Every structure is written in structure tokens, then in C-alpha cells.
Student: 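I'd like to ask some things about the structure below.
Below, read A as the first sequence line, B as the second, and so on, with proteins coming before strands; counting in each chain starts at 1. Quick caveat, the model's predicted, so the values are computed rather than measured. What you see below is based on every heavy atom in this structure, not just the backbone, and it leaves out hydrogens, waters and symmetry mates.
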Amino acid sequence: MSDPKITEDLIAAHGLAPDEYAEIIRLLNREPTYTELGIFSAMWNEHCSYKSSKKWLRTLPTTGPQVICGPGENAGIVDIGDGQCVVFKMESHNHPSYIEPYQGAATGMGGILRDVFTMGARPIAAMNSLSFGEPDHPKTRQLVNGVVDGIGGYGNCFGVPTIGGEVRFHPAYNGNCLVNAFAAGLADTDKIFYSAASGIGMPVVYLGAKTGRDGVGGATMASAEFDENIEEKRPTVQVGDPFTEKRLMEATLELMATGAVISIQDMGAAGLTCSAVEMGDKGNLGIRLNLNDVPVREVAMTAYEMMLSESQERMLMVLNPALEAEAKAVFEKWDLDFAIVGETIAEDRFLIYHNDRVMADLPLTKLAGSAPEYDRPWVKTPAAPELQPVPGVDPVDGLRALISSPNYAAKQWVYQQYDTQVMADTVVAPGIGAGIVRVHGTPKMLAFTSDVTPRYVKANPVEGGKQAVAEAYRNLTAVGATPLATTDNLNFGNPEKPEIMGQFVGAIQGIGAAVSALNMPIVSGNVSLYNETDGTGILPTPTIGAVGLINSADDLIAGQARDGHIALLIGETHGHLGQSALLAEVFNREDGDAPAVDLTAEKNNGDFIRANHSLITACCDLSDGGLALAAFEMAENAGVGVTLNSDDTPTLFGEDQGRYLIACDFDQAEALMVAAGAAGVPIETVGQFGGDQVKFGASSAPIGELSTLFRSAFAQSVT
Amino acid sequence: MRAGVIVFPGSNCDRDLAVALERAGASVSMVWHKDSRLPDGLDLVAIPGGFSFGDYLRCGAIAAQSPISKAVVKHANSGGYVIGICNGFQVLTETGLLPGALMRNAGLKFLCKPVGLRVETSDSAFTSGYSAGQTVQFPVAHHDGNYTADAELLKRLNGEDRVAFRYVNNPNGSSDDIAGVLSKNRRVLGLMPHPERAVDGAHGGVDGGGMFASLVNVMQSA
């Protein structure tokens with residue numbers, strides 16, 4: 001069988017621009033082979049090379065005394081004391097999930113779990129941030145049902161608790177849903193594994209499932225816009241097998257304990273190509289592979305297909321040859337493939353043999369390091385037009401509009417499809433605020449949250465970027481956690497459009513400022529661009545996943561509001577209604593600026609909550625829906641009523657930042673007032689919990705009636 | 001009490017179950033599915049939740065054919081105690097140690113939430129710590145927990161007082177609201193809800209602790 005001739009069309013079909021192809025010719029001094037063209041396209045696409053985003057990602061704060069490993073490895077690593085660390089990352093699987101929701105979302109989970117256990121960490125928590133089109137759009141229900149089913153199908157079988165996430169709906173996602181999967185694992189600080197190969201002539205070992213033709217070209221597909229021919233892309237989506245992944249995790253962790261692993265890398269996007277090149281490049285070594293030794297599940301696979309397959313549940317490692325027998329025994333125990341497929345070499349070459357022929361012979365460092373990098377033109381997002389007057393609403397009617405929208409309704413329809421308790425360490429399951437798991441066998445706990453308000457980012461990328469971080473900070477703070485670090489999943493439209501690139505740049509600036517001020521550096525992340533269909537982009541959606549540490553149950557804030565509790569508001573209220581949930585859900589308007597984020601106030605208010613945690617029974621951050629929605633959620637969660645003194649629309653529904661609502665008894669409230677006075681933190685009494693009514697000023701409704709609405713609206717929208 | 005927790009490659013509640021048993025005072029050994037015999041002197045065999053062999057087809061069907069399952073059947077047939085939780089219950093029905101079958105949930109979706117259960121009999125080593133009619137709360141987490149039995153089997157289970165737990169609000173369509181059943185000799189229990197996820201106030205409540213305490217008590221006085 002002869003390879004196709006390289007033509008302009010073939011180059012374009014590989015997502016390579018003419019100048020990028022010219023660069024390949026320059027690097028090689030010859031025309032690439034077909035397999036080599038595929039390898040370049042896999043390495044140089046946006047998804048793998050970050051060519052449009054790298055320049056800006058470099059500006060993000062990524063270091064701190066708590067950071068063991070920042071971006072660049074499979075996942076970030078943060079110290080949690082006592083010789084242990086948390087390993088985490090968030091990654092998108094947007095394009096595959098839109099094409100094939102179940103498998104797209106399932107393999108998104110698979111990929112992120114592999115990133116975590118590749119580093120030697122056992123996954124202990126997962127989250128998902130999902131953005132869908134409007135509920136009535138003909139594709140939305142199928143996507144919601146498929147994606148949630150896929151996440152559950154994979155995560156439940158694998159055995160990791162899903163403890164948080166987000167689900168939003170907006171017409172801007174009609175043609176491009178977002179599926180951002182987060183996973184975190186636990187490892188011993190002295191038993192972390194990296195991808196850099198070392199030693200010459202060391203065996204390169206293939207582990208896990210066999211290679212098939214699924215996912216060939218997946219990373220290239222994920223770097224392109226969609227059009228009406230989207231159905232043709234279905235074969236580029238991979239198929240997940242969580243049972244194999246579970247065995248691969250157990251076998252990998254067992255293998256690591258034998259001391260046989262020199263370096264290891266999972267096969268994710270661009271499969272064998274990307275993993276082998278990365279291991280060689282990081283270790284300053286060349287790699288030679290013999291594809292005849294690769295375990296395959298289909299006959300007559302070509303070198304091109306094997307190098308570009310994105311078959312799931314596979315790993316590549318460099319083995320300590322002295323322990324080959326022990327390593328092999330572990331994989332036989334778990335009935336997984338274990339094959340030596342190549343070796344590390346001294347020369348800077350990526351050398352691929354198949355059927356005794358050289359199918360690719362590329363300069364490895366250049367393949368990895370010469371990926372084009374663009375300084376894309378960008379324009380600053382213009383200031384949002386001033387907010388037009390907002391009519392007052394009956395406060396309880398306003399609340400009804402929010403809680404009957406699938407955006408703000410209870411999400412138990414989603415969370416009940418995920419195993420939230422496996423591993424038996426879940427302290428706070430998904431609901432309102434951060435999810436919490438115990439660090440197994442210790443008094444410590446880890447809190448997790450994922451946040452972004454895309455409306456804000458669109459109106460004002462800088463403040464919106466800050467706000468995503470600030471909200472994550474508040475969600476962690478509200479349970480008593482000290483924020484440690486963040487992972488970012490940056491979902492945007494086509495970066496070749498200056499206004500989209502401007503959103504990206506602005507959001508990065510805002511995120512950078514916030515993670516620096518709030519001491520929660522970015523340790524890992526992922527960029528997903530070209531989220532456009534027929535030229536229409538999504539709302540800019542830089543999802544922030546954040547991790548916080550709770551040293552013991554004494555520091556935890558996880559109580560419930562009770563009858564007679566005072567409702568105390570921390571932070572300043574100005575009544576900012578621009579881009580608010582009320583505006584969107586009640587008036588179908590998205591005007592005005594995003595709320596400004598005062599990072600100093602965020603820090604002070606957060607520190608105040610932590611310092612006074614023993615005086616706080618329950619706490620909730622204020623975000624979408626402002627004081628009204630936070631008060632309702634706290635009351636509903638506790639099964640009591642709530643009375644807020646104000647009936648003023650901006651006071652109740654404004655989305656000023658840096659605020660928390662606290663429930664505590666009278667004595668605690670008095671002590672908090674004194675402490676806040678001393679700390680210079682704004683505090684006010686806004687009402688009290690109790691009874692069976694939700695009362696905002698003179699407007700009221702039974703909590704039971706509102707609770708029924710809140711708990712049924714989501715399912716009604718998506719089933 | 002000496003307990004052995006069976007580990008299939010896709011078990012994922014094995015550690016949780018071992019922790020719950022140890023917490024109640026049992027000494028626990030983990031038993032690999034490829035072993036063809038159980039450790040000597042076990043008082044209880046515990047089959048945990050999870051997805052034993054991926055369970056892409058009939059849950060527990062492949063696990064029931066594994067070497068260790070033959071040993072478990074032998075243990076049960078000679079009067080040994082066995083508990084199967086969630087996937088473990090599915091495995092027990094596939095081995096024939098317990099009657100009935102676990103079909104896909106009536107709602108067709110995976111369901112994870114705390115549910116109320118009525119203890120139907122205190123006449124077993126598993127439930128002697130509860131009183132009949134008592135309501136307890138355990139979490140469920142399953143896709144295939146719809147216990148299915150024909151009229152004749154239901155009559156037999158009811159007549160022989162072999163329904164151990166019933167759902168207060170049936171979450172999955174199970175026949176007669178059945179959440180857990182006992183073998184004829186009352187020494188094998190299968191149930192879909194997870195008592196091992198309800199042994200710790202910080203995690204999922206404490207109602208499941210009664211089951212493990214009851215087992216340890218019975219074994220110690222035996």
C-alpha cells in the first residue's frame with residue numbers, strides 16, 4: 001500500500017497553514033513523508049501546541065511556596081503538608097462532546113483521570129463544568145442527557161467521586177457545548193512521577209489497551225471550527241472503557257511502587273506521537289519506535305494510523321530494564337498489554353520503523369520545540385455600554401424567575417447520576433458551594449470548586465477574568481478552606497479574530513491579577529480555542545478550578561442555618577445590576593458592565609471569614625442572583641424560612657463582589673460585629689432565618705412552594 | 001470476626017467496605033479474584049460494590065464465573081456467612097446464592113442519593129442490631145438495582161421472612177420495594193444500598209454501623 005501524495009489539499013486537511021508547511025520543509029530540508037506530515041499536524045495543531053495562547057499563558061503567576069510542579073507536566077502539584085500533595089488539572093473535551101456527547105464526555109473524564117494518575121496520584125475527586133445552549137434548542141436535551149450520562153458512566157465505573165461542578169445554559173453555546181473535566185489526586189511528595197525520559201538505550205514500554213483506528217486526527221479536529229459537515233467528524237471521537245482505565249490506574253500505581261518506572265506519560269491527544277515526543281524532548285533524548293511491536297486491535301494498521309490514533313487507556317513509559325520482569329508481572333496481574341516498543345537514543349531523532357522501513361525520521365527537539373508560536377493581533381474589548389434603567393420587581397417574583405431557570409435551579413438531576421460518595425471520604429457532596437473530601441486517614445480535607453461567569457467575561461474580559469478567580473476563592477473560603485492553587489480551562493472562539501483574541505488577552509490579565517493577589521497560582525490548565533460554529537463564537541468561558549485545604553474539622557464551616565439565626569452580610573453592597581442574573585432571566589437583557597472586583601477587599605473579607613470560622617455556623621458566597629438567591633439557597637438547604645429586611649431590587653439582586661452571607665446565633669453575631677469593626681471589614685445585619693416563609697420586605701411565599709419549584713425546574717427543562 | 005473482602009479488577013468499594021468492617025472490630029484480608037480458595041478461618045465473605053468486570057453486559061455475570069466465586073459458593077453452601085453490597089448483590093444473584101435478578105433502574109439512569117429503608121427482619125446476623133420496622137438511611141449508587149422477582153418468588157421470600165430491607169420510597173422500580181434479601185439459611189445477604197457508606201457521621205451518616213456491629217457481635221458470641 002502506498003502513501004498518498006502530499007498535495008496542497010492534503011496539507012490543508014491536516015490543519016497546517018502554507019507557511020507552517022514551508023517551515024516543515026525548512027526544518028527537514030526535504031518533503032515530509034505522509035506519516036511525518038501526520039506527526040507534524042498532531043504536534044503543531046492548536047490543541048497540542050498552544051501556538052496562539054503560549055505568549056499570554058507565560059504571563060500567568062505559576063509559582064509559590066506551596067507549588068511543587070506548575071504547568072508543563074500532565075497536571076499541577078501542590079503541597080498539602082505531612083509529605084503529601086494534591087495533583088490536579090482541568091481539561092476540555094468540547095468538540096468531541098458536541099459531536100458524540102456520551103463518548104466525548106466519557107473520554108474527557110478518562111483523559112483527565114489519566115493525567116492525574118500518570119503522576120503517581122490516586123484520583124480522589126472529580127468536577128465538571130458544563131455549558132450548553134438554550135434549553136429549548138433542538139440539540140440541547142440530547143447533549144445534556146448524553147454528556148451527563150457519559151461523565152457518570154465513566155467516573156462511576158472508574159470509582160472516583162464527582163463532588164462539584166457547574167451547569168449553565170446560554171444561546172451562545174447552541175452550536176458548541178463546553179465540557180470541562182477536572183480531576184484531583186493524592187500522592188506522596190517523594191513519589192511523584194514525571195515525563196522526562198532519562199538514560200540512553202532504555203526500553204520504551206507501551207502499557208494498557210490496544211491501539212485501534214479510533215480518534216485518528218482527533219486533536220486536529222479539536223483545533224478547527226465546526227460547520228454543517230460536522231456529522232462527518234464522528235469517527236474522530238474516541239470510545240472510552242472505564243474498566244480498562246481502572247485497571248490501568250491500579251497497575252500503574254502498583255508498577256510505580258516497584259521502582260521500575262523511570263518516566264511515564266499518558267497517551268492523550270495525538271496518542272503515541274505526542275507522548276513519545278514529550279518524553280524525549282523533556283529528557284533531551286531521541287526516541288526510536290518499532291510499530292510492529294505496538295499492540296493493535298485491528299489488522300493492517302498503517303504507521304500513520306498508529307502514530308495518530310487516540311485510542312484510550314494507554315500509557316508510554318521508560319522502564320528500568322533491571323526490573324522488567326517485575327513490571328511485566330504487574331501488568332499480567334491486571335490483564336493489560338505490556339510491550340517494549342522502542343528505546344531511548346542519544347541522537348536527536350524521532351525514528352519510526354514499521355515493517356523494517358523507516359516511516360518517519362524527524363529532528364525530535366525541533367518537532368517539539370519549533371511549533372509555530374503566534375502573536376495574534378488583538379483588540380481591547382470596548383467598554384460595555386452603560387446599564388439602561390432596570391425596573392423594580394416584586395422580590396419574591398424575581399426569586400421565582402431565577403430558581404425556575406435551569407441556570408439557577410437545584411442540579412440534583414445531574415449530581416444523582418454521578419457517584420458522589422465512592423471512596424467514602426466525601427464530606428460535602430455537590431450542591432451549593434464547594435465540594436469537600438477527606439484526605440484519607442488524616443484529619444485534613446480538600447475543598448474543590450469550579451467557577452466562571454461568562455456574561456461578565458464577555459462584557460469586560462479583565463474584570464470577568466478576575467471575578468472567576470474571586471468566586472472560586474470565595475467558594476473555598478465559605479467552607480473554611482485556605483485556597484491553595486488553581487487550574488484554568490480557557491474556552492474561547494476563533495483566535496484569528498482580533499476581538500476574540502482581545503477577550504482572551506483581557507481574561508488572562510484579569511486571572512493573572514487575581515491569582516496573584518489571592519495567592520492561588522495557576523499550576524495546570526488547558527486552552528480550547530475555535531469554539532465556533534458557522535462563524536459564531538461562544539461566550540468567553542475561562543473556567544477556574546480551585547483547590548483549598550482544611551486542616552481539620554475544627555476549621556470546617558459546614559453547618560446549616562437554624563430557626564432564629566441572624567443573617568449577616570460581609571462586604572459592601574452597591575446594587576450592581578449590570579450583566580446580572582436578574583437582568584438575564586427576568587428581562588432577557590445582557591447590558592451594562594460586569595461588576596468590578598476589588599481584590600484587596602476580596603482578600604480581607606476572605607481572611608476575616610477564616611479567622612472567625614468558629615463564630616460562623618453556615619456561610620455562602622454571593623454571586624449570581626446576589627443576596628436574594630444566596631439567602632434562599634441557605635434557607636432551602638436547611639429547610640427553614642428566611643426574612644430579608646430589604647425589598648429593594650438592586651440591594652437584593654445586585655451582584656457586587658467580595659460578599660458572603662453568614663448564619664449564626666445572636667451571641668456569635670455580636671462577636672462577629674466586634675471582630676469586623678476591628679478588622680475594618682464591612683458587616684451588616686440583613687435579616688434572620690426561621691419560620692416557613694421566604695420574606696423579602698413585604699413580599700413573601702412559603703419556603704416549601706419555592707423549594708418544590710427550585711428542585712423540579714432543572715429536570716423539567718432537560719427531560 | 002475474620003472477614004475477607006473479595007477484590008475483582010473493577011471493584012471500587014473494596015477499601016470502603018474494609019474500612020467499615022475494621023471500624024466495627026473485624027480483622028480484614030483482601031482476597032484477589034484469581035485466587036481459587038479463600039483464606040482459612042473466615043467468618044464472613046464480603047463482596048463489595050463497583051463494576052467487577054466493567055459490567056458492560058449483565059452486571060456481575062463474569063465475576064460469578066471467576067475462580068474465587070466458586071470458593072465463595074462453596075463457603076456459603078457449607079454454612080458460611082456472605083454479604084454482597086451493590087455489585088456484590090448482583091454477583092450473588094448471578095452465582096445463584098440469592099434468587100431474583102437486578103435489572104436496570106426503572107428511571108434508566110444511574111442514581112446516587114441517600115434513601116430511607118425499613119428493616120423488615122431482625123432475625124439474621126446482619127440485622128440483629130436493628131429492630132424490625134425500624135427506618136434507617138443508607139446511600140444508594142447504582143444503575144442496575146431494580147430487584148426483579150416473579151410472584152411465586154416474592155411469596156416465598158415474604159413467607160420465609162427473607163426480605164431484609166425495603167425502600168420507604170422505591171427509587172428504582174424493585175419488585176415489592178425490596179432492597180435486600182436473605183438466603184434460605186439466613187446467612188447470605190445481598191442488598192443494593194451501601195451500609196459501608198453510612199458508618200461515619202462526617203461522611204454519610206451512621207445507620208450502617210448497626211449492620212457491621214451486629215455481625216461482629218454474632219461472630220464473637222458464636
Student: Hey, is the main chain of B:Gly10 close enough, under 3.5 Å, to the side chain of A:Arg247 for a donor-acceptor pair?
Tutor: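 Checked: no pair found.
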Student: Roughly how far, to the nearest 0.5 Å, is CG of B:Asp200 from CG of A:Asp425?
Tutor: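 These two atoms lie 8.0 Å from each other.
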Student: Just one of A:Thr420, A:Val422, A:Thr162, A:Asn156 clears the side chain to side chain contact (heavy atoms under 4.5 Å, CB included) bar with B:Cys112, so which one?
Tutor: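 One option only clears the test, and that one is A:Thr420.
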Student: Can you confirm whether B:Lys109 sits close enough to A:Trp413 that some side-chain heavy atom of one is under 4.5 Å from a side-chain heavy atom of the other?
Tutor: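 A side-chain contact under 4.5 Å exists here.
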Student: Quick check: do A:Pro242 and B:Tyr56 have side-chain heavy atoms less than 4.5 Å from each other?
Tutor: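 They are in side-chain contact.
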Student: So which part of A:Asp149 gets closer than 4.5 Å to some heavy atom of chain B, the side chain, the backbone, both or neither?
Tutor: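 A:Asp149 touches chain B through side-chain heavy atoms alone.
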Student: Does any part of the side chain of A:Glu250, heavy atoms only, come nearer than 4.5 Å to the side chain of B:Val7, both counted from C-beta?
Tutor: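 Side chain of B:Val7 against side chain of A:Glu250, heavy atoms only: no contact under 4.5 Å found.
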Student: Which atoms of B:Val19 come close to chain A, meaning under 4.5 Å heavy atom to heavy atom: side chain ones, backbone ones, both, or neither?
Tutor: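 Just its side chain gets close to chain A.
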Student: Could you look at B:His142 and say if it's the side chain, the backbone, both or neither that has a heavy atom under 4.5 Å from chain A?
Tutor: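 When you check distances to chain A, no heavy atom of B:His142 falls under 4.5 Å.
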Student: Under 4.5 Å, heavy atom to heavy atom, which residues of residues 436-446 of chain A contact chain B?
Tutor: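 Under the 4.5 Å heavy-atom cut-off, A:Arg438, A:His440 qualify.
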Student: Report, by ascending residue number, the residues of residues 94-106 of chain B in heavy-atom contact with chain A at a distance under 4.5 Å; give 'none' if the set is empty.
Tutor: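 The list, in residue order, is empty: none.
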Student: Just to be sure I understand the criterion: a residue of residues 27-40 of chain B counts if one of its heavy atoms is under 4.5 Å from a heavy atom of chain A. Which ones qualify?
Tutor: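 Listed by number: B:Trp32, B:Lys34.
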Student: Please report the closest heavy-atom contact between B:Asn12 and A:Gly159, naming both atoms and the distance.
Tutor: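 Residues B:Asn12 and A:Gly159, closest heavy atoms: ND2-CA, 3.3 Å.
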Student: Looking at side-chain heavy atoms only, is the closest gap between B:Asp16 and A:Gln421 below 4.5 Å?
Tutor: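 Contact flag for B:Asp16/A:Gln421 side chains = no.
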Student: B:Phe53 versus chain A, heavy atoms under 4.5 Å apart: side chain, backbone, both or neither?
Tutor: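 Both backbone and side chain.
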Student: Decide yes or no for B:His203 and A:Val427: does some side-chain heavy atom of the first lie under 4.5 Å from some side-chain heavy atom of the second?
Tutor: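 Heavy-atom side-chain distance check fails, nothing below 4.5 Å.
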Student: Report yes if some heavy atom in the side chain of B:Pro9 is under 4.5 Å from a heavy atom in the side chain of A:Phe243; otherwise report no.
Tutor: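 Yes; the side chains approach each other to less than 4.5 Å.
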Student: Could you tell me whether the side chain of B:Arg197 reaches within less than 4.5 Å of the side chain of A:Asp419, counting heavy atoms only?
Tutor: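 Yes - at least one pair of side-chain heavy atoms lies under 4.5 Å apart.
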Student: Measure B:Asn87 against the heavy atoms of chain A and call it side chain, backbone, both or neither at under 4.5 Å.
Tutor: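 For B:Asn87, no heavy atom lies under 4.5 Å from chain A.
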Student: Considering residues, nucleotides and ligands other than B:Arg58, do more than 12 of their heavy atoms fall under 6.0 Å from its CZ?
Tutor: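 At most 12 heavy atoms, drawn from other residues, nucleotides or ligands, come within 6.0 Å of this atom.
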Student: For A:Trp334, which residues count as a side chain to side chain donor-acceptor pair (under 3.5 Å) partner, sequence neighbours excluded?
Tutor: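 Testing A:Trp334 for side chain to side chain donor-acceptor pair (under 3.5 Å), a comparison that skips the adjacent residues, returns A:Glu254.
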Student: With a cut-off of 6.0 Å (strictly less than), are more than 12 heavy atoms of other residues, nucleotides or ligands near NZ of B:Lys74?
Tutor: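 Count not over threshold, so no.
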